[in-house]
> 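Okay, here's the structure, questions in a sec.
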Amino acid sequence: MSEMKLIAVIGATGAQGGGLARAILAHPEAGFKLRAITRNPDSEKARALANAGAEVVAADLDDLASLERAFAGAHGAFCVTNYWEHFSVDKELQQAQNLANAAKAAGVEHVIWSTLEDTRKWVPLESDQMPTLMEKYKVPHFDSKGQANAYFAEVPTTFFLTSFYWDNFIHFGLGPQPGPDGVLGITFPLGDTKMPCIAAEDIGKCALGIFKGGSEYIGKTVGVSGEHISGAEMAAEFTKALGQEVRYNAVEPSVYRSFGFPGADDLGNMFQFKRDFNDYYRGARSVDFSRTLNPDLQSFSQWLAGNLEGVKGTLTAKS
Ligand code: NAP
């Protein structure tokens, strides 16, 4: 048997990288072995990966030399940044640049860069379609990732467009919440448009499909999603699964931006981008194509069936 190719996975203790880490470990026949990268090899999640057969290596996205060491000898690298840890575009840009430079220095043959659109290509800063945020951005956590694509120009890279994770209903505070009348609701400024969404775990499984495809995907932009689904359709699935009414509150983006939680303005602009450029946004994230990368791809009802207890836990926690 030929030698296993090493894949270094940033964010291996998180949602996107964790899905890829578990997929690599579950499919040795794909020919890859895992180097899980974390700031803290002693964490419970890092130790679980080590116990499952991963090499665990410490590195920090803010420390270029640590990334060069972590990428040394790797055939592939999965690169992701976590904007929501610091809410700083400048920091995310620097971390992405460190990733690209480290991959180049280590001679990595295939990088997957988990990116998103620079929405300023669709909504110029001077447009009043949506407010400009932080003086230079329309959707800061999208624009920074899209801007950072340029850093990967001299690295063999697949530009990997992800979608809204349904896991946000459990881990990001976006799950059903009681309205003034006590009826549960989910709230999005999407009107009746459908939004490409995905189970976070499936992002990593799709990434494994990209590493398997190898040169077929280098230099390409590849978008993934598990289902294109409207707010009303998700509310109906919640109603069925929870056995109590969940309604869809379709608010205007300006209302969503005013909700006041950290990042509400960024997310309000993000959902508006998905609504206003719906044909483009959906076209870039084909479910059929995603299934060719990951035959186990889940729909919303499948994800909900597997995560019902987690969703119910958020309801209990609130009441
Ligand atoms: P996550 O589950 O919150 O986990 C973050 C991961 O990043 C952890 O594994 C953490 O590792 C690692 N990490 C963070 N800072 C690091 C640093 N300085 N050095 C080394 N590792 C670091 O993250 P995720 O959800 O997979 O990815 C977050 C990104 O996904 C965000 O930028 C967001 O914009 C994007 N995104 C989110 C969605 C969504 O619907 N939520 C959709 C599309 C894209 P350790 O803590 O172990 O070091």
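Read the numbers this way: they start at 1 and go in the same order the structure lists the ligands and their atoms. Sequence positions, counted from 1, serve as the residue numbers for this chain. Every heavy atom of this structure was used, including side-chain atoms; hydrogens, water molecules and symmetry mates were not.
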> Please classify the A59 to ligand 1 contact at 4.0 Å (heavy-atom distances, strictly less than): side chain, backbone, both or neither.
backbone
> Which value, rounded to the nearest 0.5 Å, describes the distance between K205 atom NZ and H27 atom NE2?
6.5 Å
> Using a 4.0 Å heavy-atom threshold (strictly under), name the region of H141 that reaches ligand 1: side chain, backbone, both or neither.
side chain
> Is S163 in contact with ligand 1, taking contact as a heavy-atom separation below 4.0 Å?
yes
> So is Q95 in contact with ligand 1, going by heavy-atom distances below 4.0 Å?
yes
> For ligand 1, which atoms sit closer than 4.0 Å to a heavy atom of T81?
28 (C), 29 (C), 31 (C), 32 (O)
> Identify all side-chain donor-acceptor contacts of residues 206-226 below 3.5 Å with residues at least two apart in sequence or on another chain.
| unit_1 | atom_1 | unit_2 | atom_2 | d |
| --- | --- | --- | --- | --- |
| K220 | NZ | E216 | O | 2.8 |
| S225 | OG | H228 | NE2 | 3.1 |
| S225 | OG | R285 | O | 2.9 |

> Looking at the rings of Y151 and W113, which for Trp means the six-membered one, are their centres under 6.0 Å apart?
no
> Can an N or O of L61 be found at a distance shorter than 3.5 Å from an N or O of ligand 1?
yes
> Among the heavy atoms of F172, does any lie under 4.0 Å from an atom of ligand 1?
no
> Can you find a non-hydrogen atom of K145 under 4.0 Å from ligand 1?
yes
> For atom 17 (C) of ligand 1, tell me which residue out of R39, Q16, E85 has the closest non-hydrogen atom.
R39
> How far is atom 7 (O) of ligand 1 from its nearest protein heavy atom, and which residue and atom is that?
G11 CA, 3.8 Å
> When you look for heavy atoms under 4.0 Å from ligand 1, do you find them on the side chain of N168, its backbone, both, or neither?
side chain
> Can you tell me how far CG of N98 sits from OG1 of T81, rounded to the nearest 0.5 angstrom?
11.0 Å
> Decide whether Y281 and E117 meet the rule of one side-chain donor and one side-chain acceptor closer than 3.5 Å.
no
> Show me the donor-acceptor pairs, under 3.5 Å and distance only, between side chains in residues 257-264 and residues at least two apart or in other chains.
| unit_1 | atom_1 | unit_2 | atom_2 | d |
| --- | --- | --- | --- | --- |
| R257 | NH1 | N269 | OD1 | 2.8 |
| R257 | NH1 | Q272 | OE1 | 2.9 |
| S258 | OG | V255 | O | 2.7 |

